[in-house]
Amino acid sequence: MPRKKKEKADHDIRVSMSCLAEFVTAYGKSAESRLRPFKFNQRGEGFARSSYYQCALRTIRTYHAEGNNPGIFDRDLLEMRVRADKATERWERTKFERNASAVRAYRKVYGNRSFKILPNRRLAYRIGGIVITAQTDLWAEEHGTQILLKIGMAKHSVSYIDMLLSLLRKAAVGSGYRIRAKSIVYLNISNAREMICSGGLTRFNRTFAAAAKEIVNVWPSITLPSLHSPEPGEVRA
């Protein structure tokens, strides 16, 4: 059974797992520039991803809820194609095209799996002076085994994805869920391949602890940049 949630302390520094993974792997940038977008993002972990792929995730949930009905995929892929063709903005067309790619990748890799889609859980665990929050895109169960799935283009390095999956597992286990490493998966929609969490729970512990210590030291000094004072290397239109 999951552990009872602790009271949230007002002084906690809370960062998402994507923030910590990016902080560790984004070389050549100052600590402040790496952390600033996350400190001043009030929408929460997983918001941008889940909203961007909401069409694909809705299709996947409906597909399994209706007994793996292949007609759901066919119907929704056609609708996404039509909406992409009708889009007047490039970003909107790209969004529908990527949602369609996510559905096709999912169908290729998991289309024959007997998944029961469960509600997503909010996960968190503490490293030093910070609390890492985590959220999966799909939380499924198959034959009594729970599977946590992230969906994306895998634009970041392999080390970033590996850290992301490791953090997701640490947060799940730290929240009281027994999830095996091979059941924490990133679906790369650009090539329809899955990337599996590798290594044990202690992997990256020293790296994450060092990063957490640096974040605690830098966090209070991070402020919003002046509209008239670009940071070094930044080019404003």
Side-chain angles (χ1 to χ4, degrees), residues 1-9 11-27 31 34-35 37-39 41 43-50 53 115 117-142 144-152 154-188 193-219:
M1 293 292 293
R3 298 171 189 167
K4 201 170 184 179
K5 290 183 179 179
K6 296 181 180 179
E7 291 294 323
K8 178 181 175 181
H11 61 274
D12 280 343
I13 296 175
R14 300 175 70 86
V15 300
S16 67
M17 62 182 188
S18 56
C19 172
L20 185 59
E22 188 168 322
F23 181 77
V24 173
T25 58
Y27 308 107
R34 282 177 281 170
L35 293 171
F38 295 96
K39 181 174 181 178
N41 175 14
R43 293 175 295 182
E45 163 64 21
F47 178 86
R49 180 187 300 275
S50 61
Y53 289 108
F115 284 169
I117 304 300
L118 304 176
N120 280 344
R121 281 81 165 177
R122 293 184 180 274
L123 307 172
Y125 84 113
R126 182 180 294 277
I127 304 176
I130 68 174
V131 174
I132 306 299
T133 61
Q135 185 173 326
T136 186
D137 293 323
L138 285 172
W139 194 308
E141 185 177 71
E142 184 181 43
T145 297
Q146 295 192 25
I147 299 157
L148 276 57
L149 182 67
K150 299 294 288 184
I151 295 174
K155 292 182 178 179
H156 294 276
S157 65
V158 173
S159 60
Y160 170 89
I161 301 299
D162 212 12
M163 287 185 181
L164 197 71
L165 296 177
S166 293
L167 287 166
L168 179 56
R169 186 181 181 219
K170 287 175 187 290
V173 173
S175 299
Y177 298 97
R178 294 187 177 183
I179 309 292
R180 298 179 299 178
K182 66 180 182 180
S183 296
I184 310 286
V185 184
Y186 187 100
L187 176 61
N188 183 358
R193 293 181 181 178
E194 52 179 12
M195 304 169 73
I196 307 294
C197 179
S198 59
L201 280 171
T202 59
R203 192 176 184 217
F204 299 125
N205 274 2
R206 290 185 179 180
T207 299
F208 292 151
K213 184 176 180 180
E214 187 176 358
I215 290 172
V216 168
N217 291 334
V218 173
W219 196 261

query: Within a strict 4.5 Å, meaning less than it, do heavy atoms of the Leu138 and Leu187 side chains meet?
result: no
query: Between the main-chain N or O of Asn188 and the side-chain N or O of Arg193, is there a donor-acceptor pair closer than 3.5 Å?
result: no
query: Heavy-atom distance under 4.5 Å between the side chains of Tyr177 and Leu123, does that happen here?
result: yes
- prompt: Taking all atoms of both residues into account, what is the closest heavy-atom pair of Gln135 and Met17, and its distance?
  reply: O-CE, 3.6 Å
statement: Between the CE atom in Met163 and the CZ atom in Phe204, the distance rounded to the nearest 0.5 Å is 4.5 Å
Inter-residue atom distance Ile130.CD1 - Phe23.CZ, 0.5 Å rounding: 9.0 Å
- request: Nearest 0.5 Å please: distance from the CH2 atom of Trp139 over to the CG atom of Leu118.
  value: 8.5 Å
message: In the structure I gave you, are the side-chain heavy atoms of Tyr53 and Asp137 within less than 4.5 Å of one another anywhere?
response: no
field: Rounded distance [0.5 Å steps], CD1 in Ile184 versus NZ in Lys170
entry: 12.0 Å
message: Has Ser183 got a side-chain atom pairing as donor or acceptor with Ile179's backbone, closer than 3.5 angstrom?
response: no
- prompt: Considering only heavy atoms from C-beta outward, does the side chain of Leu167 approach that of Phe208 to under 4.5 Å?
  reply: yes
message: With rounding to the nearest 0.5 angstrom, report the CZ to CD1 distance, Arg180 to Ile147.
response: 8.0 Å
- prompt: Short question: side chain of Arg203, backbone of Ser198 - any donor-acceptor pair under 3.5 Å?
  reply: yes
message: What I'd like to find out is whether the side chain of Leu164 reaches to under 4.5 Å of the side chain of Ser18, using heavy atoms alone.
response: yes
task: For Ser175 and Ala124, indicate whether the former's side chain and the latter's backbone hold a donor-acceptor pair under 3.5 Å.
output: yes
message: Looking at Lys39 and Trp219, would you say the former's side chain and the latter's main chain have a donor-acceptor pair under 3.5 Å?
response: yes
query: How close do Ala209 and Ile127 get, heavy atom to heavy atom, and via which atoms?
result: CA-CG2, 3.9 Å
Euclidean distance, Ile13 CD1 relative to Phe38 CZ, rounded to 0.5 Å: 15.0 Å
message: Within the 4.5 Å heavy-atom criterion, are Val15 and Ile132 side-chain neighbours or not?
response: yes
message: Please give me the minimum heavy-atom distance between Cys197 and Leu165, naming the atom from each residue.
response: N-CD1, 3.6 Å
task: Using a 4.5 Å cut-off on heavy atoms from C-beta on, say whether the side chain of Leu201 contacts that of Arg169.
output: yes
query: Any side-chain heavy atom of Thr136 sitting closer than 4.5 Å to one from Lys150?
result: yes
